[in-house]
Novice: 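Okay, here's the structure, questions in a sec.
Throughout, a chain's letter reflects where its sequence line sits, starting with A, and its residues are numbered from 1.
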Number of protein chains: 2
Amino acid sequence: MSKKPKPHPQQNHFLAALDPDVQERLFPHLELVPLPLRSLMYESGRTMRHVYFPTDSIISLQYIMENGASTAILVVGNEGLLGISLLMSGQGTPSRSVVQSAGHAYRLPRVKVKEEFNRHGKLLLLMLRYTQALITQVAQTAVCNRHHSIDQQLCRWLLLSIDRLSHNQLNMTQEFIGNMLGVRREGVTQAALKLQQQGVISYSRGLIKVLDRDKLETLSCECYGVVKKETEMLLPYLPKRQVITDVAAIPVVKLPTV
Amino acid sequence: MSKKPKPHPQQNHFLAALDPDVQERLFPHLELVPLPLRSLMYESGRTMRHVYFPTDSIISLQYIMENGASTAILVVGNEGLLGISLLMSGQGTPSRSVVQSAGHAYRLPRVKVKEEFNRHGKLLLLMLRYTQALITQVAQTAVCNRHHSIDQQLCRWLLLSIDRLSHNQLNMTQEFIGNMLGVRREGVTQAALKLQQQGVISYSRGLIKVLDRDKLETLSCECYGVVKKETEMLLPYLPKRQVITDVAAIPVVKLPTV
DNA sequence: CAACTTCTGTGCGATTTCGCACACAAGATT
DNA sequence: AATCTTGTGTGCGAAATCGCACAGAAGTTG
């Protein structure tokens with residue numbers, strides 16, 4: 001296969017929504033980072049030096065219990081960014097961030113973002129709105145964990161994921177999904193089987209294809225809809241006033257693997 | 001019983017931590033609001049015109065499902081404030097806020113807070129830190145809902161609540177706790193019985209007394225500790241530089257009951 | 001004090017999820 | 001082709017929780 005073209009920074013909606021002057025200040029410091037499946041972006045206790053803006057990748061944020069059990073509480077794709085806590089307090093969070101769908105992200109040094117943040121312009125404004133959408137997603141996860149079946153939660157999870165991609169395929173095993181939802185792998189198998197029998201998805205060895213998105217929505221709990229609606233209300237990144245960027249000139253960085 | 005003295009604004013740690021000049025600008029607009037048990041502070045779809053700073057009350061924030069089931073995702077006491085979403089986006093959230101422990105709160109018109117917020121001073125700084133602590137609490141609730149027993153969650157809930165009061169008594173029925181945790185009333189009864197038999201709490205008809213706080217902590221899941229640690233790290237409201245305020249001059253407001 | 005409402009205790013079968021064990025299937029390795 | 005690793009399907013008893021029904025206890029009201 002030949003070399004694929006680099007993704008453009010503007011593919012990340014958050015970056016795209018920044019004012020041209022902000023973009024002009026920040027974009028010279030951009031680095032492109034390929035994100036292989038399952039690489040570890042952040043772990044509790046470590047220091048994060050960059051803020052990441054996914055273009056065609058998905059990062060999920062999970063909390064890990066002392067006994068190793070985990071739950072994903074948030075999915076970040078090209079609608080947002082990873083690392084708002086760096087702006088809010090400078091402190092890390094007691095969480096872990098893992099690449100859930102391989103792809104790329106642009107990143108900026110936390111210092112540069114912080115500088116721009118302190119100008120109290122569009123970046124601050126967008127960050128606040130994104131934070132509220134984030135809180136909604138986390139809160140709805142809490143509710144969902146309490147009240148809904150594995151079947152419903154699987155639907156929600158699949159929808160949240162494909163919403164953040166330009167295709168309908170997901171690279172994740174049932175074991176992985178189990179970790180994300182905080183349930184047994186067998187439980188995911190049962191739920192996935194039902195979906196496959198209904199022709200909603202098909203899958204094999206870690207590759208899931210969504211065949212009937214509409215049906216998936218009807219089978220999902222209301223949680224997905226609530227989050228989606230709130231997100232769309234809070235993040236209407238409408239007029240993309242783009243700064244022309246020479247993508248080729250942006251350096252590419254390799255992340256260390258776990 | 002004779003009239004009790006008004007609580008002081010500085011009893012709210014957030015207000016107390018503001019710089020004197022900020023306090024001087026804001027405090028003239030303060031109103032004192034008595035918060036009767038179970039009064040409704042906010043409901044999804046309504047407009048909030050004030051930001052509330054509890055002094056000796058607790059407000060809990062819950063999400064309601066279409067079928068009426070609910071889960072509390074956040075507890076707000078004198079360490080924080082209700083209404084950050086007004087600052088973050090101006091939009092409401094799909095949640096409901098209820099007074100969980102009667103008492104008082106000071107409130108400020110959203111416009112005044114927003115004005116001060118836009119000065120990008122201490123208020124903004126504190127608000128960001130508080131928001132991060134809030135996210136941690138919500139996220140930990142999500143994890144807890146997934147992985148821990150009713151017994152453990154009851155302990156967590158009791159601890160979060162009494163931490164925000166100056167005494168060790170809680171006014172809530174088991175039915176109410178059930179609504180907050182999103183579990184059946186009978187489940188709460190079972191869990192509460194165990195605690196009472198171990199001498200950790202005593203209760204009768206909606207009045208719970210915490211007798212052995214230490215034991216309660218050991219019986220709780222790790223979620224409580226994580227939230228507490230993060231909160232203390234993020235909100236070290238250290239030097240209280242107080243503006244002398246004439247409490248008597250602050251107007252008192254009555255909230256409409258549900 | 002009688003009637004009523006509210007809160008708490010208890011029992012039981014249904015349901016969901018868990019934990020574990022194991023079989024099988026599809027790629028990957030040699 | 002033979003073997004190994006990884007991912008998926010299945011069966012079972014155990015545990016937690018649910019939904020419901022009802023009884024009794026503690027206040028409240030008339």
Novice: From CD of A/Gln196 over to C1' of D/dG9, roughly how many Å is that when rounded to an integer?
Specialist: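 Atom CD in A/Gln196 sits about 11 Å away from atom C1' in D/dG9.
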Novice: Figure out the NE2/P separation between A/His148 and D/dT17, and round it to whole Å.
Specialist: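 Spelled out: NE2 on A/His148 to P on D/dT17 is 18 Å.
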Novice: Are any of the side-chain nitrogens in A/Arg107 or A/Glu31 under 4.0 Å away from the carboxylate oxygens of its partner?
Specialist: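 Between A/Glu31 and A/Arg107 there is a salt bridge, with a charged N closer than 4.0 Å to a carboxylate O.
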Novice: Atom CD of A/Glu186 to atom P of D/dG13: distance rounded to whole Å?
Specialist: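 Those two atoms, CD and P, are 16 Å apart.
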Novice: Determine whether a donor-acceptor pair (N or O, by modelled atom type, separation under 3.5 Å) exists between the side chain of B/Glu230 and the backbone of B/Val227.
Specialist: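 No; judged by distance alone, with no hydrogens or angles, the pair does not exist.
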Novice: Is the shortest side-chain N/O distance from A/Gln174 to OP1 or OP2 of D/dG9 below 4.0 Å?
Specialist: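 Checking D/dG9 against A/Gln174, a side-chain N or O does come within under 4.0 Å of OP1 or OP2.
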Novice: Decide whether A/Thr71 and B/His147 meet the rule of one side-chain donor and one side-chain acceptor closer than 3.5 Å.
Specialist: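 The answer is yes; a qualifying pair exists.
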Novice: Can you work out whether A/Arg146 or A/Leu207 has the more 5'-proximal nearest nucleotide on DNA chain D?
Specialist: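 Closest to the 5' end, via its nearest nucleotide, is A/Leu207.
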Novice: A/Leu195 has an atom CG; how far is it from atom P of D/dT8, in whole Å?
Specialist: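 Value for this atom pair: 14 Å.
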Novice: CD of B/Gln152 versus C1' of D/dA15: gap in Å, rounded?
Specialist: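 Answer to the nearest Å: 14 Å.
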Novice: Measure the acute angle between the ring planes of B/Phe14 and B/Tyr130, then classify it against the limits of 30° and 60° as parallel, tilted or perpendicular.
Specialist: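 Ring orientation of B/Phe14 relative to B/Tyr130: perpendicular.
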Novice: Any donor-acceptor pair under 3.5 Å joining the side chain of A/Arg185 to the base of D/dG7?
Specialist: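 Between D/dG7 and A/Arg185, which were checked side chain against base, a qualifying N/O pair under 3.5 Å is absent.
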Novice: Examine distances only and state if a side-chain atom of B/Glu79 and a backbone atom of B/Gly77 form a donor-acceptor pair shorter than 3.5 Å.
Specialist: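 Yes: the side chain of B/Glu79 pairs with the backbone of B/Gly77.
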Novice: Considering only heavy atoms of chain B and a distance under 4.0 Å, specify the first and last nucleotide of DNA chain C in 5' to 3' order that meet this criterion.
Specialist: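 With heavy atoms of chain B under 4.0 Å away, the range is C/dT6 to C/dT10.
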Novice: Would you classify B/Gly206 as touching base, sugar-phosphate or nothing, given that sugar-phosphate means primed atoms plus P, OP1 and OP2, and contacts are heavy atoms under 4.0 Å?
Specialist: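 Sugar-phosphate, backbone atoms only, no base.
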Novice: If we ignore hydrogens and angles and just use 3.5 Å, is the side chain of A/Ser101 paired with the main-chain N or O of A/Ile58 as donor and acceptor?
Specialist: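 No, because the side chain of A/Ser101 does not come within donor-acceptor range (under 3.5 Å) of the backbone of A/Ile58.
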